[in-house]
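Convention: sequence-line order gives letters A, B, ...; per-chain numbering from 1.
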2 protein chains.
Amino acid sequence: MSSENPKRALFAAFAEIAKALGHGARLEIIELLAQGERTVETLAARCGLSVAGASQHLRLMRRAGLLASRRSGKHVLYRLSDPSVLELTTALHRVGEGNAAAVRDIVRGYFIDRDALEPVSRKELGRRLRDGAVTVLDVRPEDEYAAGHLPNALNIPLRELSRRLREIPKGREIVAYCRGPYCVLAFEAVTFLRKRGLSARRLEGGYPEWKASGLAVESAEAPRAATT
Amino acid sequence: MSSENPKRALFAAFAEIAKALGHGARLEIIELLAQGERTVETLAARCGLSVAGASQHLRLMRRAGLLASRRSGKHVLYRLSDPSVLELTTALHRVGEGNAAAVRDIVRGYFIDRDALEPVSRKELGRRLRDGAVTVLDVRPEDEYAAGHLPNALNIPLRELSRRLREIPKGREIVAYCRGPYCVLAFEAVTFLRKRGLSARRLEGGYPEWKASGLAVESAEAPRAATT
DNA sequence: TTATTATTCAACAATTATATTGAATGATTT
DNA sequence: AAATCATTCAATATAATTGTTGAATAATAA
């Protein structure tokens with residue numbers, strides 16, 4: 001490991017960390033773990049991986065120092081080892097947005113016209129939360145909501161949105177959020193709500209970014225981990 | 001490339017960028033390019049690569065959007081495509097320092113006792129530069145110095161330090177810097193100078209970090225690229 | 001034009017990473 | 001203690017990356 005040249009060894013060690021980020025499934029796992037602890041099974045299901053496959057990716061990332069884990073009963077719960085990991089993925093996103101033509105194309109093509117869905121900044125939402133003039137809508141799955149969410153946020157997972165539309169107070173502007181800047185849930189929720197004639201915008205970033213900014217969060221009674 | 005699921009495609013695109021960082025030699029190339037433009041030949045020599053090998057690494061990083069290049073006569077000059085690339089490597093370093101045990105071991109083992117070499121912050125050096133009570137010493141090779149350096153810095157490449165010691169004004173504190181936080185040049189310079197009884201400390205980060213902080217820099221007459 | 005120089009490309013072997021399968025482990029519950 | 005469940009490990013085939021060599025380009029100089 002720490003061979004001849006100390007500098008070479010150091011670069012090699014950093015390269016290991018970068019390699020651990022160098023797989024789509026692993027970045028997806030990191031996005032999920034940014035919401036809170038998760039079991040191997042849950043992560044596998046959410047990312048469309050086999051349990052053994054997920055376990056391998058997780059081991060690799062833990063070795064690289066990106067993740068940590070703890071045992072809780074029969075389950076092993078994985079988490080990001082440190083907030084700096086989220087900063088690293090944010091830096092990766094920024095480079096991708098600025099430079100990689102492939103990313104720009106995907107963002108343009110699929111994330112619809114971003115201008116029309118111009119996000120509400122965290123600062124702005126903070127101000128408007130104090131005025132009470134806005135409904136904050138969390139469109140992530142219930143377990144992610146339970147693990148932590150914005151203050152007074154209403155949780156309606158995206159797939160239930162159509163069915164549970166009446167739960168949303170009328171006449172107030174809606175700000176929807178989900179997992180992060182590249183999570184499609186809030187985009188789709190906003191598009192859907194606007195079609196229904198509601199005034200909806202999405203939050204800049206998602207729950208992890210809000211929390212990382214040091215803003216207030218709430219979570220369900222027991223701070224337990226997601227089960228399914 | 002941009003297959004079925006847009007989110008998957010996006011993660012895959014980000015993973016490509018991470019992969020492009022996932023090799024020690026490529027991180028070393030990036031550190032060098034953070035000093036300024038370089039030819040393929042120069043990079044190959046500095047990193048101990050064959051020219052063809054360096055060219056392959058460069059192509060890979062350019063495809064990932066990390067680098068850009070331009071032709072100048074017979075030479076092709078590569079550069080970082082954007083300041084966000086430096087931020088990305090900085091984030092990578094931070095994760096490595098915080099988490100990866102391997103990195104901690106290397107830093108402890110080779111970078112000697114960091115406490116004794118506690119760096120001078122950029123802010124502090126800025127203040128002391130205004131007072132004029134400090135000699136700023138650039139220990140990088142001449143061509144890197146020529147491409148850009150701190151205001152009024154004295155350039156004595158590390159390997160010439162012993163020979164040219166008399167060029168350093170007596171009785172003033174010395175602040176040495178080099179390429180960046182994991183460049184050993186300044187460490188070794190400070191260790192050497194202290195053995196000689198001089199009062200020397202090293203700067204936090206190196207030239208690229210100083211410049212990225214928006215602080216003043218100087219460069220040689222013609223803003224030409226390094227030749228060797 | 002021809003020769004020279006810097007860089008890129010192509011082809012190959014060697015290594016490393018990935019996906020998949022099924023068995024082994026560790027903790028819990030019956 | 002046996003059964004169950006979540007996770008990890010091991011083995012394998014496949015695919016991707018790397019290092020190396022030598023030939024092909026592209027720009028300049030003679």
Side-chain angles (χ1 to χ4, degrees), chain A residues 1 3 8 11-13 15-29 32-33 37-64 66-79 143 224-228, chain B residues 1 3 8 11-13 15-29 33 37-64 66-79 224-228:
Chain A
M1 261 285 155
S3 61
R8 290 275 149 79
F11 280 129
E16 283 305 309
I17 300 172
K19 270 190 220 171
L21 293 176
H23 193 290
R26 292 199 286 266
L27 291 175
E28 196 170 356
I29 287 172
L32 284 167
L33 291 180
E37 288 184 318
R38 287 286 177 288
T39 68
V40 179
E41 208 181 17
T42 310
L43 291 167
R46 290 273 163 84
C47 299
L49 296 166
S50 70
V51 174
S55 178
Q56 286 194 145
H57 285 302
L58 291 165
R59 179 177 54 118
L60 196 154
M61 288 192 280
R62 193 180 42 197
R63 276 196 193 161
L66 295 172
L67 307 184
S69 65
R70 70 183 175 94
R71 186 140 210 152
S72 163
K74 300 199 226 190
H75 297 269
V76 174
L77 293 165
Y78 279 86
R79 63 180 184 280
D143 60 307
R224 71 194 164 71
T227 46
T228 303
Chain B
M1 261 284 156
S3 61
R8 290 276 149 81
F11 281 127
E16 282 306 311
I17 300 172
K19 270 190 222 171
L21 293 176
H23 194 290
R26 292 198 289 264
L27 292 175
E28 196 169 356
I29 287 172
L33 292 179
E37 288 185 319
R38 287 285 177 287
T39 67
V40 179
E41 207 181 20
T42 309
L43 292 168
R46 289 272 162 87
C47 300
L49 297 166
S50 71
V51 174
S55 178
Q56 286 193 146
H57 285 303
L58 291 164
R59 178 177 53 120
L60 196 154
M61 289 193 278
R62 192 180 45 197
R63 277 196 193 162
L66 295 173
L67 307 184
S69 64
R70 69 184 177 92
R71 186 141 209 148
S72 164
K74 300 200 226 188
H75 297 271
V76 175
L77 294 165
Y78 279 87
R79 62 180 184 279
R224 70 195 166 71
T227 45
T228 304

Partners passing side-chain contact (heavy atoms from CB on, under 4.5 Å) against [X] (at least two apart in sequence or in another chain):
X       : answer
B:Ala20 : B:Leu60, B:Met61, B:Ala64, B:Leu66
B:Ala25 : B:His23, B:Leu49, B:His57
B:Ser50 : B:Ala52
A:Ser69 : A:Arg62, A:Val76, A:Tyr78

TODO: At the 4.0 Å heavy-atom cut-off to chain B, mark where contacts on DNA chain D begin and end, going 5' to 3'.
DONE: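 Nucleotide range with atoms under 4.0 Å of chain B: D:dT17 to D:dT28.
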
Open item on the list: It should be established whether B:His75 places a side-chain nitrogen or oxygen under 4.0 Å from OP1 or OP2 of nucleotide C:dT7.
Closed with: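 So the side chain of B:His75 is within the cut-off, an N or O lying under 4.0 Å from OP1 or OP2 of C:dT7.
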
- [ ] Output yes when at least one side-chain N/O atom of B:Arg59 is less than 4.0 Å from OP1 or OP2 of C:dT7, else no.
- [x]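 For C:dT7, neither OP1 nor OP2 has a side-chain N or O of B:Arg59 closer than 4.0 Å.
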
Between [N] atom [atom2] and [X] atom [atom1], what is the distance in whole Å?
X       : N      : atom1 : atom2 : answer
B:Leu77 : C:dT8  : CG    : C1'   : 16 Å
B:Leu43 : C:dT7  : CG    : P     : 9 Å
B:Glu16 : C:dA17 : CD    : P     : 15 Å
B:Arg70 : C:dT7  : CZ    : C1'   : 16 Å

TODO: Give A:Leu60 one of three labels, base, sugar-phosphate or nothing, depending on what nucleic acid heavy atoms sit under 4.0 Å from its own.
DONE: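 Sugar-phosphate: the residue A:Leu60, judged by heavy atoms under 4.0 Å, touches backbone atoms but no base.
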
Open item on the list: Is it the case that the side chain of A:Ser72 and the backbone of A:His75 share a donor-acceptor pair, with hydrogens and angles ignored and the cut-off at 3.5 Å?
Closed with: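 No, A:Ser72 side chain to A:His75 backbone: no donor-acceptor pair under 3.5 Å.
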
TODO: Can you see which heavy atom on A:Ile29 is nearest to which on A:Cys47, and at what distance?
DONE: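 Where A:Ile29 meets A:Cys47 most closely, the heavy atoms are CG1-SG, 3.8 Å.
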
TODO: Go along nucleotides 20-26 of chain C 5' to 3' and tag each nucleotide: B for a protein heavy atom under 4.0 Å from its base, S when only backbone or sugar atoms are that close, - otherwise.
DONE: BBB----

Task: Straight-line distance of A:Arg38 CZ to A:Arg46 CZ, nearest 0.5 Å - done: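 Those atoms lie 6.0 Å apart.
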
TODO: Hey, could you give me the CG/CG distance between B:Leu43 and B:Leu33, rounded to the nearest 0.5 Å?
DONE: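 That separation rounds to 5.0 Å.
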
Task: Residue mapping more 5' on DNA chain D - nearest nucleotide basis, B:His57 or A:Ala54 - done: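 Whichever sits nearer the 5' end wins; that is A:Ala54.
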
TODO: Please tell me which of the listed nucleotides, C:dT18, C:dA19, C:dT7, lies nearest to the side chain of B:Val76?
DONE: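 Ranking C:dT18, C:dA19, C:dT7 by closest atom to the B:Val76 side chain puts C:dT7 first.
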
- [ ] Could you say whether B:Lys19 or B:Ser69 is positioned toward the 5' end of DNA chain C, judged by the nucleotide with the nearest heavy atom to each?
- [x]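 Looking at the nearest nucleotide for each, B:Ser69 comes out on the 5' side.
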
TODO: Mind jotting down which residue pairs meet the salt bridge (charged side-chain N to carboxylate O under 4.0 Å, His left out) criterion with at least one end in residues 17-27 of chain A? Sequence neighbours excluded, please.
DONE: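 Pairs touching residues 17-27 of chain A that pass the test: A:Glu16-A:Lys19.
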
